[in-house]
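Every value quoted in this text rests on a predicted model; they were computed, and no experiment measured them. Chain letters run A, B, ... following the sequence lines, proteins first and then strands; every chain starts at 1.
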Amino acid sequence: MEQKIFHHALKIQKDRCIGCSHCMNICPTEAIRVKNGKADLFENRCIDCGECFRVCPVNAIIIEQDDFNKIFQYKHRIALLPAVLIGQFPEDIKTSQIYNVLIDLGFTDVYEAEHGVDILKNSMKAYADNHDQNKPLISSFCPAVIRLIQVKFPALVDHIIPQHPPLDIAAVYYKQKLVNQGVDESDIGIFYVTPCASKIAAIKSPVGDEISPINGVINMDFIYNKVYTSVKRGDYDKVQKLKAERLSPEGTVWSLTNGEADIMQGRCLAIDGVHNVMDFLEKVENEEIKDVDFLELRACDESCAGGVLTAQNRFLTVERLRKRADYIKSNYSDYNNKDILNYSEYLNSKITLGKIKPRSMMKLDENMAEAMKKMRRVKEILKCLPDVDCGACGAPNCQALAEDIVQERAVINHCIFIQRIFEKKGIIDWEESRKIMQEIWGEEKLNRKC
Amino acid sequence: MMHFEFDIEGGDFSKAGFASSQLKRILKQLVTDHKVVKKTVVALYEAEVNVVAHAYSGKVIIDIDTDKIQIKVNDKGPGIEDIEQAMEEGYSTASEQVREMGFGAGMGLANIKNNSDEFNITSEVGVGTQLEIIAYLEII
């Protein structure tokens, strides 16, 4: 029952894919196989973490964004920026320069997503105070982590704090603010500048059955290039400063590792990197780890500073944002009385997320007796397979091939070792073996001149 | 029915949890109700830690059927003198060293019982302890 459940921002461009299997081997949910020389995705297993995008040597995996001209469908065009965008640039590039580039691109307003933190941090703390029974509580910040829990750790969905992330809160606020000024809601378009694929997926098909308050997505690398080009040309050296509200120090570092763990109460841990997160969740699920109150889990190394669409080195981004937060803290206090705080009551009434449902992708069959039959077959098949996890069959490891075989997605002679055994026994000949490999790896790889 | 066996070595805390991790991987592929999966795995994990902390060696024997999961954990070890007392929450004979590692809070047996539908224990001092943990599955 591999029916399409939700939108993926990650798309494999078959014409560019060279079938190198790098993505298949890195995928944390084993969602990729190679067929006909191309990567093939099980959509239901994909959590949009973007690890495949990082390792692709030929840029065959793309992150689908909205057509930029979509912003002009709206009279009021708001660019919603994450702090890591500001963190992409060296300190001599001023925030006002970045804002000005966005205005020149066609946006009417620019607003930082992490202003939403000033509402969220209190409501997260309040939730934690009242939900001792679900500890450790898990932050809902990273959409790839939420999806990972849904597909691989279904027993832990109740641990997720069901509250909207800062960008949603900021979007709801900005919309309401304009509506209060008499603007028609249909004239407002909010566009998020995203550092990763999972945020796009979360906007295009949110968990629960909701509609995102965000109207479109622009990839961060696109904006990065525009800003850099204009600033380097000196276009904004003498431009007037735009008036913008200051992000709070907490908001500035919220999307970095420890951004949430530092402000939550009790024993809080921050874990980044999707494989680290999986290792830790295994232990949480066994209740091996006790007395932890809060977990901040982020799919990317160095959290959003390491987002797959960022352009700058993640450690430099972290350095810049931390410095910035310290500077704001010691020089200003105006972030304590900004406009979004006047909307606390309204925003808190909209803060709860829809129900996050488990959707385990690991079951061999819905019917348990059938699943047991299949598991027995997997065990039998594994006895024949060589245990080398070479990937030559087009599956990431022997276990995955065995499971694909019982699910009728592959056959045992996809294994290159089995082919040799079958050839020796006279069950298949070398021409057939060659054909099998060609079906997995494509014609070109088996017809190279050597 | 499916049958699995795992060995446990006393004193090797770094490997405690191996059998329960294996059981979890198996149950996630078989059982629809993830709450049953979780509590069964938690029960076995506690039992494994008990063996590692107190016994010389142990064996985990798992039988899975469509209506129930039956787990036996048999160890060779000092045994339990007063089972009733050992079942009390907070009662522990764990050494200071074991407690420092985060184990031995005295919740072990009680927690196993709370996480199983049926729980049986027998023990002989100087010989060993046998646990039986059963989780019933709803037949759909």
- Note on the structure: Between the CD atom in B/E88 and the CG atom in B/D82, the distance rounded to the nearest 0.5 Å is 8.0 Å

- Here the pair of heavy atoms bringing A/S198 nearest to A/I47 is CB-O, 4.3 Å

- Can you name the nearest heavy-atom pair linking A/N367 to A/D365, along with the distance? N-OD1, 3.0 Å

- Task: Check side-chain contact (heavy atoms from CB on, under 4.5 Å) between A/L269 and all other residues, then give those that pass, not counting sequence neighbours.
- Result: A/F280, A/V292, A/L295

- Message: Which one wins on heavy-atom pair count under 4.5 Å against chain A: B/K28, B/K39, B/K38, B/M1?
- Response: B/K28

- How far apart are the closest heavy atoms of B/T40 and B/A135, and which atoms are they? OG1-CB, 3.6 Å

- Task: Give, as side chain, backbone, both or neither, the part of B/I26 having an atom under 4.5 angstrom from any heavy atom of chain A.
- Result: both

- Query: Is it the backbone or the side chain of A/P358 that comes under 4.5 Å from a heavy atom of chain B, or both, or neither?
  - Reply: side chain

- Please identify each residue that fulfils side-chain contact (heavy atoms from CB on, under 4.5 Å) with B/K15, with sequence neighbours left out. B/D12

- Query: Where does B/V37 contact chain A at under 4.5 Å (heavy atoms): side chain, backbone, both or neither?
  - Reply: neither

- Message: Restricting to side-chain contact (heavy atoms from CB on, under 4.5 Å), what partner residues turn up for B/K68, sequence neighbours left out?
- Response: B/I134, B/Y136

- Message: Ignoring hydrogens, what is the shortest heavy-atom contact between B/I80 and B/A86? Give both atom names and the distance.
- Response: CG2-CB, 3.7 Å

- Item | A/K363/A/E366 ion pair, N-O < 4.0 Å | yes

- Option in A/E288, A/E282, A/K152 with maximal non-hydrogen atom pairs under 4.5 Å from chain B: A/E288

- Electrostatic pair A/D404:A/R409 at N-O distance under 4.0 angstrom: yes

- Task: Sort by residue number and list every member of residues 127-146 of chain A having a non-hydrogen atom under 4.5 Å from chain B.
- Result: none

- When only pairs under 4.5 Å are counted, which of B/K24, B/K35, B/R25 shares the most heavy-atom pairs with chain A? B/K24

- Task: Tell me, for A/E403 versus chain B, whether the close heavy atoms (under 4.5 Å) come from the side chain, the backbone, both or neither.
- Result: side chain

- Query: Which bit of A/K373 is near chain B, if near means a heavy-atom gap under 4.5 Å: side chain, backbone, both or neither?
  - Reply: neither

- Message: Is any side-chain heavy atom of A/M264 closer than 4.5 Å to one of A/D293?
- Response: no

- Measure distances from B/L27 to the heavy atoms of chain A and classify the residue's part below 4.5 Å as side chain, backbone, both or neither. neither

- Note on the structure: If one checks every heavy atom of A/K374 against chain B at 4.5 Å, the contacting part turns out to be neither

